[in-house]
Amino acid sequence: MAKRAVRRRARKVLGEDPVAVVWCEVAKPIPVPPKDVHRAAGSGRLKSRHHWLLYVMGTLFFFVVVPLLLIDKVTRLLEPRRTPRRPRSSSAPRDSRDEPGGGIFDGDWHLAAGQALLRWYGHSPSPKRLVLLTRDRVCVAASPRRRLSPTKADDFRIVAEYPCTEVRVEGEAGQPRGFATFRLRFADGSWLEVGRLAEPDDADHFLRTIGG
């Protein structure tokens, strides 16, 4: 379960003990919103700020791996084809990017879920958010740090707060660890799905709580 530092901080920012807490992330890239909608929401970031090491790895990939892939492709093109390519089956699963909202929200930027998504990365350079449940509220907190330990973070603050009449948390217990997700379903019918639930014990307890 969450370490004492996290629980102590949660109690301080909430004014009461939380019923359940879990660190989570938007597990897929945020679709590109219309420019006017993005501007009206403050033109916030739509991607997390990556660690500098990722940029180094990207540079190495571009200058080392890409040339090797191109050489391999040219070599394959020069070789005689032995068997014709099989046509792609029409029953192939549909890409989640073809779904409304890319599969992470209902697709309407003007509703509560879309507005929350537009501001998701504006609260912190870290993609991780702490969802806290109380008896009558659902709160979302973020840490100002770029990198944080979910078990030891003690500087997070509430960035969004909803009474239970405005948002319902939906999820099923018993989901495979590492692949579990849950949804925030708002009173206007919109929904936002999050995943990458950190700390397995917290995730299991959280899902049992909302599923019970």
Side-chain angles (χ1 to χ4, degrees), residues 1-28 30 41-42 44-45 48-51 104-105 111-188 190-212:
M1 299 296 287
K3 300 298 182 182
R4 290 182 179 179
V6 177
R7 288 278 174 177
R8 184 166 55 248
R9 177 64 177 175
R11 190 182 306 114
K12 180 178 180 180
V13 298
L14 292 172
E16 60 180 302
D17 285 320
V19 174
V21 302
V22 70
W23 288 96
C24 61
E25 300 180 33
V26 172
K28 301 175 184 177
I30 295 178
R45 294 182 62 88
S48 62
R49 297 177 182 176
H50 299 298
H51 191 265
I104 61 173
F105 82 118
L111 297 181
Q115 291 296 306
L117 194 58
L118 286 169
R119 295 172 173 81
W120 186 269
Y121 289 117
H123 299 301
S124 167
S126 169
K128 298 183 182 298
R129 299 291 178 268
L130 182 66
V131 175
L132 310 99
L133 304 182
T134 72
R135 290 167 296 180
D136 57 1
R137 290 177 292 164
V138 176
C139 300
V140 180
S143 167
R145 282 182 281 178
R146 183 185 301 273
R147 302 178 65 187
L148 59 86
S149 168
T151 60
K152 300 178 181 179
D154 60 357
D155 59 353
F156 54 84
R157 58 186 177 84
I158 301 296
V159 296
E161 181 176 333
Y162 311 94
C164 289
T165 54
E166 292 184 9
V167 65
R168 183 172 72 254
V169 187
E170 301 175 340
E172 297 180 1
Q175 297 183 57
R177 286 186 171 183
F179 298 94
T181 63
F182 66 87
R183 286 184 175 185
L184 300 175
R185 186 173 295 278
F186 296 86
D188 59 9
S190 63
W191 54 267
L192 171 63
E193 183 170 283
V194 293
R196 296 179 183 170
L197 311 188
E199 292 307 299
D201 290 341
D202 284 342
D204 290 344
H205 177 257
F206 188 92
L207 293 172
R208 286 197 302 269
T209 300
I210 64 177

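These values consider heavy atoms only, across backbone and side chains, with no hydrogens, waters or symmetry-generated copies.
Atom NZ of Lys28 and atom CD1 of Ile104 lie 8.0 Å apart (nearest 0.5 Å). Interatomic distance, Lys128 NZ to Ser149 OG, rounded to the nearest 0.5 Å: 9.5 Å. Here the straight-line distance linking atom CZ of Arg196 with atom SG of Cys24 works out to 11.5 Å at 0.5 Å rounding. Annotation: the span from Tyr162 atom OH to Leu184 atom CG amounts to 7.5 Å, rounded to 0.5 Å.
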If you look only at distance, which donor and acceptor atoms sit under 3.5 Å apart when one is on a side chain in residues 172-179 and the other is two or more places apart or in another chain?
{"residue": "Gln175", "atom": "OE1", "partner": "Thr181", "partner atom": "N", "Å": "3.0"}
{"residue": "Gln175", "atom": "NE2", "partner": "Glu172", "partner atom": "O", "Å": "2.9"}
{"residue": "Gln175", "atom": "NE2", "partner": "Thr181", "partner atom": "O", "Å": "2.9"}
{"residue": "Arg177", "atom": "NE", "partner": "Asp204", "partner atom": "OD2", "Å": "3.0"}
{"residue": "Arg177", "atom": "NH2", "partner": "Asp204", "partner atom": "OD2", "Å": "2.5"}

Give the table of side-chain donor-acceptor pairs shorter than 3.5 Å for residues 112-120, with sequence neighbours excluded, one pair per line with atom names and distance.
{"residue": "Gln115", "atom": "OE1", "partner": "Arg119", "partner atom": "NH1", "Å": "2.9"}
{"residue": "Gln115", "atom": "NE2", "partner": "Trp109", "partner atom": "O", "Å": "2.7"}
{"residue": "Arg119", "atom": "NH1", "partner": "Gln115", "partner atom": "O", "Å": "3.2"}

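Across all non-hydrogen atoms, the minimal contact from Lys152 to Ala5 is O-CB, 4.0 Å. Looking at every heavy atom in both residues, Pro125 comes nearest to Ser143 through CD-O, 4.5 Å.
Classification of the Trp23-Phe156 ring pair by plane angle, with boundaries at 30° and 60°, yields perpendicular.
For Ala203, the side-chain contact (heavy atoms from CB on, under 4.5 Å) partners at least two apart in sequence or on another chain are Val22, Leu197.
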Next on the checklist: Apply side-chain contact (heavy atoms from CB on, under 4.5 Å) to residues Glu25 and Val194 and explain how you reach the verdict.
Outcome noted: CA-CA 6 Å; Glu25 300 180 33; Val194 293; over 6 Å; no
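Side chains of Phe206 and Leu133 form a contact here, defined as non-hydrogen atoms less than 4.5 Å apart. Side-chain contact between Val21 and Glu199 is absent, with no heavy atoms from C-beta onward closer than 4.5 Å. In this structure, Tyr121 and Ile30 have side chains that are in contact, with non-hydrogen atoms separated by less than 4.5 Å.
At least one donor-acceptor pair under 3.5 Å links the side chain of Thr209 to the backbone N or O of His205. Panel note: side chain Arg185, backbone Trp191; no donor-acceptor pair is recorded below 3.5 Å.
With respect to Arg183 and Glu170, no salt bridge is recorded, no charged nitrogen being found less than 4.0 Å from a carboxylate O. Between Arg9 and Asp154, no side-chain nitrogen of the basic residue sits less than 4.0 Å from a carboxylate oxygen of the acidic one, so the salt-bridge criterion is not met. A salt bridge links Glu161 to Arg137: one of the charged nitrogens lies within less than 4.0 Å of a carboxylate oxygen. A salt bridge links Arg145 with Asp155: at least one charged nitrogen is closer than 4.0 Å to a carboxylate oxygen.
Leu132 pairs with exactly one of Val6, Val19, Leu14 by the side-chain contact (heavy atoms from CB on, under 4.5 Å) rule, that one being Leu14.
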